2 protein chains.
Amino acid sequence: MDPLTRRQSEILGFIRQHIAGHGMPPTRAEIVQAFGFRSLTAAEDHLRALARKGAIELMPGTSRGIRVVADDPAPAAANDDDALPLVGRVAAGVPITAVEQIESWYRIDRHLFHPQPDFLLRVQGWSMRDAGILPDDLLAVQRVETAENGQIVVARIGDEVTVKRFQRSGSIVRLLPANPDFAPIRIDLRQQELAIEGRAVGLLRTGGFALA
Amino acid sequence: MDPLTRRQSEILGFIRQHIAGHGMPPTRAEIVQAFGFRSLTAAEDHLRALARKGAIELMPGTSRGIRVVADDPAPAAANDDDALPLVGRVAAGVPITAVEQIESWYRIDRHLFHPQPDFLLRVQGWSMRDAGILPDDLLAVQRVETAENGQIVVARIGDEVTVKRFQRSGSIVRLLPANPDFAPIRIDLRQQELAIEGRAVGLLRTGGFALA
DNA sequence: GAAGTAACTGTACGTAAATACAGTGATCCG
DNA sequence: CGGATCACTGTATTTACGTACAGTTACTTC
């Protein structure tokens, strides 16, 4: 979210306060009255600015169509039974689920998934497009050390973490993308180390569906 | 608080749900649409009844001037702030979110999604494959009545509910699949009726990733 | 069997509210 | 210096919304 000006913060504060107190967002007129403006456009301009900076969302043609974007993602606690950690950027060789790697926790009904996941991983790139796995999706992953052929796994080669379909024959492992634009990764277990971090058991897409 | 009738409870539930999902109380028109009424007065009557019985408070002359008074913990799941209903098979002409259509509730951190969804819908068929929407995925849908070009919408034509990308020019609406094996649906609004049930804001894949 | 309540349809109207357009200063910035 | 952003004033137009009025049908209750 872009930084707000002093005035914009006051407006945002008023919106929050109004929702808390009245159970609904304010109208332009109510903002005007609260701040002593003499023109509706003053309120409109502020709302546009706040929307542009991502602090609020405006719903065109809708009365009181203001939604405060939650910048405080309701931090679920680590001890919550139904919370899953979102694993962030992965640093040099550290196991992916190390505490330092955890970005945040999300409350999700674990039993939704079969089998049950242990953590979420944000997907990067288009390599698994044809498996319906897109960038910025959250992959629900179950921690396993070994994989069966055909399963989609989270694998680590050195510092690189990747999501691919697993295929092994003898000491040769192929990590297959689901996208003809990407090349398979071939690993000889006698020469290179491959760590299986987990197995994909589900997926969560939290953003909208913009045009690709 | 006086006891509510079955229908009145449903209305109250919808108001709660709307506030939770949209951050503001519904208008009369939104209630009418949600329940499939054909007259604004139906909604008005219910609101009056709920106000008379003390379940809500109405603020005269104020758009969305509905305040839920009681915080009775009636249907455990439906009241959960972080629960989403899974909408089941859709029957003849009934609005998709009609109470009777709800299969079950799932506990999911609403704040994960932007904007926040109102219900989940199980995806059927491969027509949105290239948008990463596969069969048996649960689509997180925000209830909206209109759509912008390019958005992925849940639309109803008669009794048929479909998920497609929305494109409108004039009175011609095209519902575009994201899969070359499927044909676009072309609708002339002057001849056919098209109901937008909602807008895709996220996705939940609960099964594993079997080989396609 | 009259009266009341619940749950609606259908029409109409005034106003609450969103929003476009045209400006005015003030400040910052390369 | 010109151009952007900020913070407004003032007017106008449309549409979203609340709400009144007049009915209908079915079910309960005294």
Side-chain angles (χ1 to χ4, degrees), chain A residues 1-15 18-19 22-67, chain B residues 1-15 18-19 22-68 93-95 98-100 143-148 196:
Chain A
M1 192 177 87
D2 287 21
L4 304 181
T5 67
R6 175 182 212 81
R7 200 59 162 158
Q8 284 162 4
S9 291
E10 288 176 18
I11 302 280
L12 182 59
F14 171 73
I15 295 169
H18 195 279
I19 292 173
H22 295 79
M24 65 188 91
T27 63
R28 273 68 167 167
E30 283 161 350
I31 296 173
V32 162
Q33 188 161 10
F35 284 83
F37 300 154
R38 306 181 65 181
S39 172
L40 285 167
T41 311
E44 184 72 18
D45 283 355
H46 280 300
L47 291 178
R48 292 286 169 88
L50 285 171
R52 179 165 43 77
K53 294 185 174 180
I56 63 172
E57 213 174 290
L58 290 175
M59 307 152 87
T62 306
S63 70
R64 306 178 188 277
I66 303 167
R67 160 175 284 156
Chain B
M1 192 179 88
D2 287 19
L4 305 180
T5 67
R6 176 183 206 82
R7 200 60 162 158
Q8 285 163 5
S9 294
E10 289 175 12
I11 302 279
L12 181 59
F14 171 72
I15 295 170
H18 195 279
I19 293 172
H22 294 78
M24 67 187 86
T27 64
R28 272 67 167 168
E30 283 162 351
I31 296 173
V32 161
Q33 189 162 5
F35 284 83
F37 298 154
R38 307 182 62 183
S39 173
L40 285 167
T41 313
E44 183 73 17
D45 283 356
H46 280 301
L47 292 177
R48 293 287 168 87
L50 285 170
R52 181 164 41 80
K53 293 184 174 181
I56 63 172
E57 212 174 292
L58 291 175
M59 308 152 85
T62 307
S63 72
R64 305 179 189 273
I66 303 169
R67 162 174 283 158
V68 177
V94 179
V99 177
E100 304 82 43
R143 223 192 179 305
V144 296
E145 287 80 37
T146 58
E148 303 286 316
I196 303 295

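Lettering follows sequence order; numbering is per chain, from 1. As the structure is a computational prediction, the values presented were derived from the model and not from experiment.
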Q: Mark yes or no for whether B:His22, through its side chain, and B:Arg143, through its backbone, hold a donor-acceptor pair below 3.5 Å.
A: yes
Q: Please state how far atom CE in A:Met24 lies from atom C1' in C:dA16, giving the value in whole angstrom units.
A: 13 Å
Q | Side-chain N or O of A:Lys53 closer than 4.0 Å to phosphate OP1/OP2 of D:dT5 | A | no
Q: Nearest-nucleotide wise, let me know which of B:Thr5 and A:Leu58 is further upstream toward the 5' end of DNA chain C.
A: B:Thr5
Q) What's the closest nucleotide to the A:Leu40 side chain, out of C:dA7, D:dG18, C:dA18? A) C:dA18
Q.
If I take atom CZ in residue A:Phe37 and atom P in nucleotide D:dG10, what distance separates them, rounded to the nearest angstrom?
A. 13 Å
Q: Could you walk me through whether A:Leu50 and A:Ile66 pass the side chain to side chain contact (heavy atoms under 4.5 Å, CB included) test, one step at a time?
A: CA-CA 10 Å; A:Leu50 285 171; A:Ile66 303 167; over 6 Å; no
Q. Within the modelled atom types, does a donor on one side and an acceptor on the other bring the side chain of B:Thr41 and the base of C:dG10 under 3.5 Å apart?
A. yes
Q | Distance, rounded to the nearest Å, where A:Arg48 contributes CZ and D:dT5 contributes P | A | 15 Å
Q. Given C:dA16, is OP1 or OP2 found less than 4.0 Å from the side-chain N or O atoms of A:Arg64?
A. no
Q) Does the base of C:dG10 carry an N or O that pairs as donor and acceptor with the side chain of B:Ser39 under 3.5 Å? A) yes
Q. Given side chains that start at C-beta, do those of A:Glu30 and A:Met24 come closer than 4.5 Å, heavy atoms only?
A. no
Q.
Working note: B:Ile196 + B:Thr146, criterion side chain to side chain contact (heavy atoms under 4.5 Å, CB included); need CA distance, chi angles, decisive distance, verdict.
A. CA-CA 6 Å; B:Ile196 303 295; B:Thr146 58; 5.9 Å; no
(Q) In this structure, how many angstroms lie between the P atom of C:dT19 and the NE2 atom of A:His46, rounded? (A) 17 Å
Q) Taking the side chain as C-beta and beyond, is there a heavy-atom pair between A:Arg64 and B:Thr62 under 4.5 Å? A) yes
Q) If you check the A:Glu44 side chain, which of C:dC8, C:dA6, C:dT19 turns out closest? A) C:dT19
Q: Take atom CD of A:Glu10 as the centre, draw a 6.0 Å sphere, and report whether it contains more than 12 heavy atoms from other residues, nucleotides or ligands.
A: yes
Q) Atom CG of B:Leu47 and atom P of C:dA6: how far apart are they, to the nearest Å? A) 14 Å
Q) Nearest to the side chain of A:Arg52 - C:dA7, C:dA18, D:dC6? A) D:dC6
Q. D:dA7 P sits how many Å from A:Ile31 CD1, rounded?
A. 14 Å
**Q.** Side chain of B:Asp45 - closest among D:dT19, C:dC8, C:dT19
**A.** C:dC8
Q: Report yes if at least one side-chain N or O of B:Arg28 is closer than 4.0 Å to OP1 or OP2 of D:dC17; otherwise report no.
A: no
Q.
Counting the atoms with a prime plus P, OP1 and OP2 as sugar-phosphate, which does A:Ala42 contact under 4.0 Å by heavy atoms, base, sugar-phosphate, or nothing?
A. base
Q: Using whole Å, report how far CZ of B:Arg38 lies from C1' of C:dA7.
A: 15 Å
Q. Could you give the CD-to-C1' distance, from A:Gln8 to D:dT5, as a whole number of Å?
A. 10 Å
Q) Nearest to the side chain of B:Arg7 - C:dA7, C:dA17, D:dT19? A) C:dA7
Q | Listed nucleotide nearest any side-chain atom of A:Pro60, set C:dA17, C:dT19, D:dA20 | A | C:dT19
